[in-house]
Every structure is written in structure tokens, then in C-alpha cells.
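The analysis underlying the following values was restricted to heavy atoms, covering all of them including side chains, and did not include hydrogens, waters or symmetry mates. Every value quoted in this text rests on a predicted model; they were computed, and no experiment measured them. Whatever order the structure lists them in is the order used to number ligands and atoms, beginning at 1. For reference, positions follow the sequence shown, starting with 1.
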Amino acid sequence: MQKNEDYRALEARYYMPAFTRDTMLVRGEGSRVWDADGKEYIDCVAGIAVCSTGHCHPAVTRAICEQAKRLIHCSNLYYVPGQGELAQKLVERTGMAKAFFSNSGAEANEGAIKLARLATGKKRFIAFTHGFHGRTLGTLAVTHKPAIREPFNPLEPGCTFVEYGDLDGLKKAMNSEVAAVFVEPIQGEAGVITPPDGFLDGIRESCDRHGALMIVDEVQTGMGRTGKWLAIQHTRVRPDIVTLAKGIASGFPMGALLARDGLEFHKGEHGSTFAGGPLACAAALATLKVIDEVMPQIPGKAERFRAGLSKHHPRVRGLMVGISVGERCPGVQKRCAEKGVLINCAADGNIRLVPPLVITPEEIDQSCAAIRDALQ
Ligand SMILES: *Cc1c(COP(=O)(O)O)cnc(C)c1O
């Protein structure tokens with residue numbers, strides 16, 4: 001079998017160097033993963049909030065394998081096994097009206113941009129500083145980070161960026177030409193940044209006043225991550241469109257767009273070859289069942305992280321944890337890995353923990369101990 005070292009050489013020669021990485025993970029079980037050299041880790045990255053049910057959850061693996069024996073692909077020219085059931089279950093859990101599937105978070109947000117433009121007949125968008133909505137050309141246009149957006153200017157749709165949390169700024173930027181406001185209820189890529197109280201309600205009001213849609217990007221915060229199906233469900237805000245991806249199918253590529261009553265794509269307005277295919281739907285249906293079971297445990301697990309890391313002032317929202325450590329971040333990440341715990345440096349020197357929702361109390365304690373050590 002390949003070792004980490006062999007793989008470095010192979011990639012250096014044949015793979016485009018768009019990532020910073022030096023370890024290959026070859027196996028996972030629950031919240032544990034093993035690298036190519038056989039080293040074991042507790043995985044507080046979980047594919048960046050993707051492996052919600054842990055690695056290779058038996059129910060998810062079984063659902064994928066069983067579906068793979070029956071039908072792997074059939075095209076959206078036909079009803080797809082599991083697609084309607086999954087749409088129903090997502091709609092019931094989120095209070096939205098209809099679903100449409102995609103293969104990724106960016107694609108779900110592309111769908112949201114298209115739907116907002118179709119529904120409002122308007123073209124301008126508002127999004128927030130430090131927000132992240134994807135790397136396709138459309139979603140980059142509403143993604144703030146200049147370093148990843150500006151090389152691709154000019155971008156469509158036109159977007160105005162307002163300081164995250166600044167309702168006055170939003171009021172100034174809003175006008176009757178705005179199709180929609182894109183917002184993450186908690187900013188994930190920025191490092192688990194939470195908005196001030198009332199911010200999301202304020203966006204809703206402002207959108208209503210100007211006939212704009214409110215698009216809530218729950219690609220990272222959704223699917224139980226914060227202890228509810230959607231982070232927005234911790235507020236009274238009813239969004240027009242919600243997007244999901246990451247944790248939706250335990251690592252099988254999938255995204256979803258959920259819309260309120262009356263907002264939908266009509267014949268020919270949107271589509272995709274692979275989206276919402278039989279394997280993705282089977283993986284997602286099995287994932288939903290597991291999340292239904294673990295959801296009640298999430299507040300307790302969150303408290304355990306909060307207590308274990310209290311000295312370092314963590315921002316804890318369910319199983320999303322951010323700690324500001326500044327430029328020490330890469331070093332802390334490296335020391336944690338040496339101690340057998342995978343963590344991730346999000347933007348601006350913020351450690352981000354987004355472990356599987358099935359992480360055990362013992363694994364939380366071990367992770368916190370390693371992080372405390374690494375931060376000494
Ligand atoms: C990861 C992420 C995306 C992009 O999802 P991809 O599947 O990588 O395209 C969009 N929005 C948010 C909030 C994310 O965290």
C-alpha cells in the first residue's frame with residue numbers, strides 16, 4: 001500500500017497543486033480515521049462538516065451498496081428512486097415547501113441565484129463580508145474573499161458586500177433592484193462567526209420591505225449541525241430559499257435547494273444529469289434517519305466542547321466550534337495531528353471543529369485535551 005511519502009511524490013508530479021496537504025487518509029470508522037502510515041486520529045474535520053454520521057456508518061454504507069446493486073443511475077428523465085421521499089423528509093423537517101437537488105453546495109447556490117432571478121425579474125444581489133457560497137463563477141460573485149474572487153472579475157451577478165452583522169449597512173445597500181440577500185446564519189469558512197442578535201430578523205424585514213428574497217446558505221450549518229435541522233430554526237425567521245449540501249448524504253456528493261411555497265423551477269428552467277441520483281438519495285435517506293436519532297444528543301455534546309475548551313473562549317453552536325488563535329493556527333493544527341486529533345484552520349486564524357454528529361463524549365474529551373495541550 002502507498003505511504004504518505006510515496007503519495008507526496010505522485011501528486012507533486014501529476015496533480016495540480018491547488019491544495020496544501022501532506023497526509024492521505026485511507027480508512028474511517030465512526031469519528032476515527034487512519035492515514036496511509038497507519039496513524040489513528042479523532043476526526044474533528046469530518047470532511048469539513050460532511051461526514052455527519054461519521055465515517056462509513058453501517059446504515060449509510062448498506063444503503064449505498066444495496067442501491068448500487070439495483071440501479072446506479074437513470075437520469076431525471078424518469079422518476080428517481082428515493083428522490084420524492086427525500087424531498088418530503090427534508091421539507092417536513094425544515095418547514096419549507098419544495099426541494100430540488102444538486103451535486104454540491106455551490107450548485108445548490110447557483111440554483112438559488114437562478115431561482116431568485118427568475119422569481120423577481122431582478123439581477124442584483126447582496127452578500128456579506130467573510131461569507132462563502134462556493135467557487136463556481138456565479139457563487140464566487142457572491143463570495144466575499146477578494147483573494148479567491150478577484151482573479152475572476154468581472155463576475156455575474158453583480159453583488160454588493162455589506163459588513164456581516166451590520167443592519168444599517170444593509171439598509172443603505174438595499175433598494176428595489178435587489179433580487180436577493182445571501183446569508184450564512186453562522187459563517188463557517190470564516191471560522192464559526194456568529195452574527196449579533198436580531199441580525200437575521202433584520203435581513204428578513206429589509207428583504208420584505210424591498211421585495212427581495214432571503215437566501216439562507218445552510219450548506220455547512222444545516223442537517224443537524226447546530227442541534228436543529230437548520231440553524232435558522234433557532235430564530236423565528238422564515239427564509240425564501242435555503243441551500244444544503246455538506247452533511248446531507250454523509251459524504252456522497254449531494255446538495256439541495258429548498259424553497260417556500262410558490263417559489264419553484266418550472267419546466268426546463270433548471271436541471272442536471274447527476275443531481276438527486278439514486279445513490280445520493282439512498283445515502284441521504286439513510287443519513288437523515290441517523291441524524292433523527294443523534295439530534296437530541298447535540299446540545300449535551302456542545303456543552304462538553306464548551307466546558308473542555310472554556311479557557312480558550314470557544315464559539316460553540318451545536319457541533320460547530322470556533323476558537324480564535326491568530327497566526328498560531330497552522331502550528332496548533334500540526335501539533336493536534338501529532339497528538340492524533342484532526343482540526344482545521346478556517347480563515348483569519350480561527351480553529352474550526354466540525355466533528356461527526358456521532359462523536360462520543362470520550363472522543364470529545366480526548367479532542368479537547370489535545371487542543372488544550374497544543375495551545376499551551
Ligand atoms: C462549503 C460551502 C459551500 C460550497 O459547497 P461545495 O460543495 O464545496 O460547492 C457553500 N456555502 C457554504 C456556507 C459552505 O460552507
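- Every atom of ligand 1 is numbered from 1 in the order shown, and the set under 4.0 Å from a heavy atom of Glu184 is 13 (C).
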Residues 155-165, side-chain donor-acceptor partners within the protein, below 3.5 Å, at least two apart:
from: Thr160; atom 1: OG1; to: Arg124; atom 2: NH2; distance (Å): 2.9
from: Tyr164; atom 1: OH; to: Glu184; atom 2: O; distance (Å): 2.6
from: Tyr164; atom 1: OH; to: Pro185; atom 2: O; distance (Å): 3.2

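- Under a 4.0 Å N-O distance rule, the pair Glu218/Arg225 does not qualify as a salt bridge.
- For Asn109, every heavy-atom contact with ligand 1 shorter than 4.0 Å involves the side chain, none the backbone.
- Of the polar atoms of Phe132, at least one N or O is found under 3.5 Å from an N or O of ligand 1, judged by distance alone.
- Between Val242 and Thr94 there is no side-chain heavy-atom pair separated by less than 4.5 Å.
- For the residue pair Ser250/His57, the side-chain donor-acceptor check at 3.5 Å is not satisfied.
- Checked against a 3.5 angstrom limit, the closest N/O atoms of Gln220 and ligand 1 fall inside it.
- Closest to atom 11 (N) of ligand 1, if we only count protein heavy atoms, is Asp217 OD2, 2.8 Å.
- Proximity of atom 5 (O) of ligand 1 to the protein is indicated by at least one non-hydrogen atom lying closer than 4.0 angstrom.
- Against a heavy-atom cut-off of under 4.0 Å, Ser104 is close to the following atoms of ligand 1: 7 (O), 9 (O).
- Between Glu107 and ligand 1, no pair of N/O atoms sits closer than 3.5 Å.
- Salt bridge Arg236/Asp201: absent, no basic N to carboxylate O contact under 4.0 Å.
- If you number the atoms of ligand 1 from 1 as listed, the ones under 4.0 Å from a heavy atom of Glu189 come out as 15 (O).
- Of the N or O atoms in Ala245, none lie within a sub-3.5 Å distance of an N or O in ligand 1.
- Among all non-hydrogen protein atoms, the one lying nearest atom 1 (C) of ligand 1 is Lys246 NZ, 1.4 Å.
- For His133, every heavy-atom contact with ligand 1 shorter than 4.0 Å involves the backbone, none the side chain.
- Looking only at heavy atoms of the protein, atom 7 (O) of ligand 1 is closest to Gly105 N, 2.8 Å.
- Not one N or O of Val219 is nearer than 3.5 Å to an N or O of ligand 1, by distance alone.
- Here Lys145 does not pair with Glu189 in a salt bridge; the nearest charged N to carboxylate O distance is not below 4.0 Å.
- Remark: Arg8 pairs with Glu5 by the side-chain hydrogen bond (donor to acceptor under 3.5 Å, both in side chains) rule, at least two apart or across chains.
- When only modelled atom types and interatomic distance are considered, Arg315 and Ser324 share a side-chain donor-acceptor pair under 3.5 Å.
- When the shell of 6.0 Å around CZ of Phe274 is examined, it contains 12 or fewer heavy atoms from other residues, nucleotides or ligands.
- In terms of protein heavy-atom proximity, atom 9 (O) of ligand 1 is nearest to Ala106 N, 2.8 Å.
- Under the 4.5 Å side-chain criterion, counting only non-hydrogen atoms from C-beta, Asn350 is not in contact with Val192.
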